[in-house]
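Quantities reported herein were computed from a predicted structural model and do not represent experimental measurements. Every chain is numbered from 1, with letters handed out A, B, ... down the list of sequences.
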Amino acid sequence: MTTPRVPEKPGLEGLEDKWATRWDDDGVYRFDRTATRERVFSIDTPPPTVSGSLHVGHVFSYTHTDTVARYRRMRGLEVFYPMGWDDNGLPTERRVQNYFGVRCDPTLPYDPDFEPPEKPPKQATAISRRNFVELCDRLVGEDEQKFEELWRHLGLSVDWSMTYTTVGKRAQRISQRAFLRMLGRGEAYQAEAPTLWDVDFRTAVAQAELEDREMPGAYHTIRFPRADGEGDIVIETTRPELIPACVALVAHPDDERYQPLFDSEVLTPLFGVRVPVRAHHLADPEKGSGIAMICTFGDLTDVVWWRELDLPARPIVGWDGRLHGSPPIDFETHRASEHWSELAGKSIKQARERIVELLRDSGDLLAEPRPITHAVKFYEKGDRPLEIVTTRQWYIRNGGRDARLRDALLARGRALHWHPEYMRARYDSWVEGLNGDWLVSRQRFFGVPFPIWYPLDARGEPEYDRPLVPTEDALPVDPQSQAPPGYTEDRRGLPGGFVADPDVMDTWATSSLTPQIACAWGEDDDLFARTYPMDLRPQAHEIIRTWLFSTVVRAHSEFDGLPWTDAAISGWVLDPDRKKMSKSRGNVVTPLNLLEQYGSDAVRYWAASGRPGTDTAFDEGQMKVGRRLAIKVLNASKFALGVIGEHTVPTDPATAVVTAPLDRSLLAALAELVDDATSAFDQYDYARALERTERFFWGYCDDYIELVKQRAYGPGDDAGATSARATLAFALDTLLRLFAPHLPFVTEEVWSWWRAGSVHRSAWPESAPLRAAAAGDGPAAYGVAADVLGAVRKAKTGQQKSMRADVTSATVTDHPDRLALLDAVRADVCDAGRVLELHLVPGEQLAVEVVLADAD
RNA sequence: GGGCGAUUGGCUCAGUUGGUUAGAGCGCCGCCUUCACACGGCGGAGGUCACAGGUUCGAGUCCUGUAUCGCCCACCA
């Protein structure tokens, strides 16, 4: 060991910049790609959405992952820890629209000279798809830069040379390749079917993107006259505007009220369309009048009934959320057509208001609407309820319609190691509740296009069942601007020519491939072999159903295995009112301010105190505590190294210089700490590792250092002094390494005062050498010494004396076993407590009687 | 409706297979101007561990039920 070089006045300020730069220059976190798979720990980092802003929730969960990454690195593994940027999809589109004041019109030609105006105009400028995508690229590039700066400031030990994006060329290529492979295996298919549809975004959405919202509605009691004229059937509905789309009524097969009517017919009010009364087990006799109207389509139950009862389709709602101009069926009466003309072209809301008036006028509305609140399905990013529209879409098989596949995916979920374990229940309930395959096509612009064209027949109609695909070496392709194999561009849109599939993939269709993208599947076979399947997927619990599940689906399909062995699920950051912190709630805290105010180590301390999977309150108090801890690490280290000074101290605990009982005892306790922290980290419990280390560290500062201070100042040839200095050094060395995953800046700073290289590339501590140095002694002597010292302090405080006050005599009563231990360390205790005479009296439990010298 | 989790001093949280008077930090109060640290140190007050039963020599810890909160899921007319 060289003589420590300790600053006069160590502080936290500037450590982030200093060490972030140094780590980068020295390549401390660079992935060594000569490492073989067994030596690699590979992490499937969640790519943050760059169109949003980073908030304290990101800092929270990414810190968790970083502590694990640093631990594994110190355990000698090469950590593959790339950062991704999720710049794909709707959030980016929305941000670009607002930021530049533009909107995408795919019919416009590309303008190579287009520049967005300085300030976004009131009226959005329409631009071509390619111009739009260029603006998306430009903006996400700026955002990614800002994100990286914040992450570096926080101290994520990411290899910044290995970032990827979810719209980049590689992601596109891999998304398209994976899709084509699934298409080839029949795992991707297209179908024209009723689809949940957002009328504002004008795109289909998947089951995973739904959320229920409680909305006001109203029950409308409506009369359906029987076709035979023998009276009426009364139904209740919240969607009266769908009466023209009604194709049947339905009741439960066991419902005696309606059994006589099954397979008879009724007439729809206002329109006089004959529809049958049918039986189906999903009809609930308890709901409303026990008989429901089936419309094409009001909700997903309608779709089930329509399919299973083989009913006709009479859709009336268009892609724009308005009723069609033309009627769903040729009405038989002039009156019916007039009613329809009152509704045609209206929005859902307008149509509902109008039809209620019409029903009231016609006498078919039997009671005034009764207001209720009910759950309505929304696209999670949408503003209006979803409609169901029949469209042609791409699907990926995910077990929603196939019990064998579902069981296989459930088995994958069981094979995955979840942290915490109970999070698996969310996976299971999601997979078990799937009601269809995964709808992956979106009618949007900024995303990975489907690598698909369709031939046009002689009449110019697309032949959807004969899709044209590129070869894999041509990927990525943009079918809008490139021609399929065997065609030239001038055949686009012409009879006998071709047309591009207009859709882009769901953002999750790409995100579900983050392991393949990060590990460069099909791009860099050598890297892939060293990193895939990955070790760890860290993520939040609310996207188990989307990100985690879809990633399992893709890996199962392509590689017949799990994409990773472990999943670590982090909780949320809650604001003081125990609500989730999110941008939309307006309660987010800008992380950079926090990092600058408290220091990155302090904020990391707060984050790392949140246990895996547990929602954690945002608590600046914890950051203050973290800051205090970081400062304490600096000061205690400075002191310990100052005591050691220029004395020679061995670097290896095995050198048998630790001879004092107190020192051996301390090292025994330290060995237990090392085991404890190690097993906690092995189970991904970074919080427990931190808590234990912190507790030990305060004892080290307050008790151990105080106890050995005097002895350690002794001359170089004194065995007790040598023992104390060696123990101070071993303990400091060990504690710094134990803290390093949590407090990377301050530990590195101290490390640099007296050690070579980076603490983050040093070995994780091992307990065996410490235990060997303790030479069979246990941790108890240290505990007894601390207890007695505490009692002496208490006495001094009780008499309002300085800690420097002399103790004339102290009488310790305790169990003989503990007295024996105390006897062995009595010199240290007397020195630290300034005890002149120490008497030991055998007894049952600890009691200390202290006589203080007169103050004057 | 089904499931998961939580409930410990004013606040934020520990409490690993059940074991003696339940721990920590913040906040509060008091003391110590200590030669590493006032961005400090020492100490104090403060809890019938949500509630009700049960198992046990012994329950914050295990079982049953209840309540409250949060989340996940569900074919909610």
Inset, instruction - Would you mind reading off the distance between A/E211 atom CD and B/C73 atom P, rounded to a whole angstrom? - result: 10 Å

Legend entry - Nearest-angstrom distance from the residue atom CE of A/M803 to P of B/C37: 17 Å

Inset, instruction - Determine the contact category for A/G288: base if any of its heavy atoms lies under 4.0 Å from a base atom, sugar-phosphate if only primed atoms, P, OP1 or OP2 are that close, otherwise nothing. - result: nothing

Legend entry - Listed nucleotide nearest any side-chain atom of A/R627, set B/A77, B/C13, B/C39: B/C39

Inset, instruction - With a 3.5 angstrom cut-off on both distances, give the Watson-Crick or G-U wobble partner of B/U34, or none if there isn't one. - result: none

Legend entry - Separation between the C1' atoms of B/C49 and B/G60, rounded to whole Å: 5 Å

Inset, instruction - For the pair A/Y684 and A/H419, name the ring-plane relationship: parallel under 30°, tilted 30 to 60°, perpendicular over 60°. - result: tilted

Legend entry - A/L574 CG - B/G5 P separation (whole Å): 18 Å

Inset, instruction - Can you tell me, in whole Å, how much space there is between the P of B/G40 and that of B/U21? - result: 35 Å

Inset, instruction - Just call it for A/A283: base, sugar-phosphate, or nothing, with non-hydrogen atoms closer than 4.0 Å on any strand. - result: base

Inset, instruction - Classify the ring geometry between A/F639 and A/Y713 as parallel (under 30°), tilted (30 to 60°) or perpendicular (over 60°). - result: perpendicular

Legend entry - Criterion ring pair (Phe, Tyr, Trp, His ring centres under 6.0 Å) against A/F739, the qualifying member of A/Y686, A/Y605, A/Y700, A/F697: A/F697

Inset, instruction - Please work out if A/V304 contacts a base, only the sugar-phosphate, or nothing of the nucleic acid, heavy-atom cut-off 4.0 Å. - result: nothing

Legend entry - Sugar-phosphate only, base, or nothing, as touched by A/T797 at under 4.0 Å among non-hydrogen atoms: base

Legend entry - A/R627 NZ/CZ over A/Y598 ring centroid, <6.0 Å and within 45° of normal: no

Inset, instruction - Using only heavy-atom distances, decide whether a donor-acceptor pair under 3.5 angstrom links the side-chain of A/D212 to the base of B/C76. - result: yes

Inset, instruction - Kindly point out which of B/C37, B/A77, B/C73 is positioned nearest to the side chain of A/N635? - result: B/C37

Inset, instruction - Specify the residue among A/Q799 and A/A425 whose closest nucleotide of RNA chain B lies further upstream toward the 5′ end. - result: A/A425

Legend entry - Any-strand Watson-Crick or G-U partner of B/C4, both distances under 3.5 Å: B/G70

Inset, instruction - Please tell me which of the listed nucleotides, B/C75, B/A74, B/U12, lies nearest to the side chain of A/L282? - result: B/C75

Legend entry - Closest nucleotide among B/C71, B/A77, B/A36 to the A/K287 side chain: B/A77

Inset, instruction - With P as the reference atom in both, quote the distance from B/U33 to B/A14 in angstrom, rounded to an integer. - result: 38 Å

Inset, instruction - Send over the distance from A/M423 CE to B/G5 P, rounded to a whole Å. - result: 10 Å

Inset, instruction - Please determine if a side-chain N or O atom of A/Y605 lies less than 4.0 Å away from the OP1 or OP2 oxygen of B/C13. - result: no

Inset, instruction - Establish, with yes or no, whether the OP1 or OP2 oxygen of B/G40 is under 4.0 angstrom from a side-chain nitrogen or oxygen of A/K632. - result: no

Inset, instruction - Select base, sugar-phosphate, or nothing to describe what A/R834 touches, counting heavy atoms under 4.0 Å on all strands. - result: base

Inset, instruction - Send over the distance from A/E596 CD to B/C39 P, rounded to a whole Å. - result: 21 Å

Inset, instruction - Pick base, sugar-phosphate or nothing for A/K377, based on heavy-atom distances below 4.0 Å to the nucleic acid. - result: base

Inset, instruction - Round to a whole Å and report the spacing from CG of A/L434 to C1' of B/A74. - result: 12 Å

Inset, instruction - Give A/R611 one of three labels, base, sugar-phosphate or nothing, depending on what nucleic acid heavy atoms sit under 4.0 Å from its own. - result: sugar-phosphate

Legend entry - Nearest-Å distance once atom C1' is located in both B/G23 and B/U66: 29 Å

Inset, instruction - Indicate, with a heavy-atom threshold strictly under 4.0 Å, whether A/E214 touches base, sugar-phosphate, or nothing. - result: nothing

Inset, instruction - Answer yes or no: does a side-chain N or O of A/H541 lie under 4.0 Å from OP1 or OP2 of B/G5? - result: no

Inset, instruction - Using whole Å, report how far CG of A/L12 lies from P of B/A36. - result: 19 Å

Legend entry - Atom-to-atom span, CD1 of A/I631 to C1' of B/G25 - whole angstrom: 16 Å

Legend entry - Options B/C13, B/C26, B/C72, nucleotide nearest the side-chain atoms of A/A617: B/C13

Inset, instruction - For A/C701, report the nucleic acid contact type (base, sugar-phosphate, nothing); a contact means any heavy atom under 4.0 Å. - result: base

Legend entry - B/C4 and B/C51, which share atom name P, separated by this distance in whole Å: 23 Å

Legend entry - Nearest-nucleotide pick for A/D615, side chain only, options being B/C75, B/G70, B/C37: B/G70

Inset, instruction - Tell me the partner of B/U20, counting only Watson-Crick (N1-N3 plus N6-O4 or O6-N4) or G-U wobble (N1-O2 and O6-N3) with both under 3.5 Å; none if nothing fits. - result: none

Inset, instruction - Go through B/G40, B/A36, B/G30 for me and flag the one nearest to the A/R628 side chain. - result: B/G40

Legend entry - Charged N-O contact under 4.0 Å between A/R239 and A/D302: no

Legend entry - Cationic N near anionic O, under 4.0 Å, A/R370 to A/E236: yes

Legend entry - Cation-pi, A/W751 ring and A/R5 (6.0 angstrom, 45 degrees): no

Legend entry - More than 12 heavy atoms from other groups under 6.0 Å of CD on A/E432: yes

Legend entry - Side chain of A/R692 (C-beta onward), nearest among B/C75, B/U16, B/A77: B/U16

Inset, instruction - Could you tell me which nucleotide pairs with B/A77 by Watson-Crick or G-U wobble geometry, both distances under 3.5 Å, or answer none if nothing does? - result: none

Inset, instruction - Find the partner of B/G60: check Watson-Crick (N1-N3 plus N6-O4 or O6-N4) and G-U wobble (N1-O2, O6-N3) distances, both under 3.5 Å, and reply none if neither fits. - result: none

Inset, instruction - Take atom P in B/C71 and the same atom in B/G9, then report the distance between them in whole Å. - result: 23 Å

Inset, instruction - Take the angle between the ring planes of A/W572 and A/H541 and call it parallel below 30°, perpendicular above 60°, tilted in between. - result: tilted

Legend entry - From B/A77, B/C75, B/U12, nucleotide with atom closest to A/Q622 side chain: B/U12

Inset, instruction - Answer yes or no: does a side-chain N or O of A/R793 lie under 4.0 Å from OP1 or OP2 of B/G44? - result: no

Legend entry - Whole-angstrom distance between B/U68 and B/G18, as gauged at atom C1': 27 Å

Legend entry - First encountered from the 5' end of RNA chain B, between A/P285 and A/Q800: A/Q800

Inset, instruction - Find the partner of B/G43: check Watson-Crick (N1-N3 plus N6-O4 or O6-N4) and G-U wobble (N1-O2, O6-N3) distances, both under 3.5 Å, and reply none if neither fits. - result: B/C29

Legend entry - Paired nucleotide for B/A14 [Watson-Crick or G-U wobble; both distances under 3.5 Å]: none

Legend entry - Euclidean distance for C1', B/G46 against B/G30 (whole angstrom): 15 Å

Inset, instruction - Tell me what A/D302 touches on the nucleic acid: a base, only sugar-phosphate, or nothing, going by heavy atoms under 4.0 Å. - result: nothing

Legend entry - Cation-pi geometry met for A/K709 and A/Y704 (6.0 Å, 45°): no

Legend entry - A/K794 side chain, from C-beta outward: closest of B/U12, B/G44, B/A36: B/G44

Inset, instruction - Report which part of the nucleic acid A/R695 touches: base, sugar-phosphate, or nothing (heavy-atom distance under 4.0 Å, all strands). - result: nothing

Inset, instruction - Scan A/W698 against the nucleic acid and name what it touches under 4.0 Å (heavy atoms): base, sugar-phosphate only, or nothing. - result: sugar-phosphate

Inset, instruction - Kindly indicate whether the side chain of A/E286 and the base of B/A77 share any N or O donor-acceptor pair separated by less than 3.5 Å? - result: no

Legend entry - Counterpart base for B/U48, defined by Watson-Crick or G-U wobble contacts under 3.5 Å: none

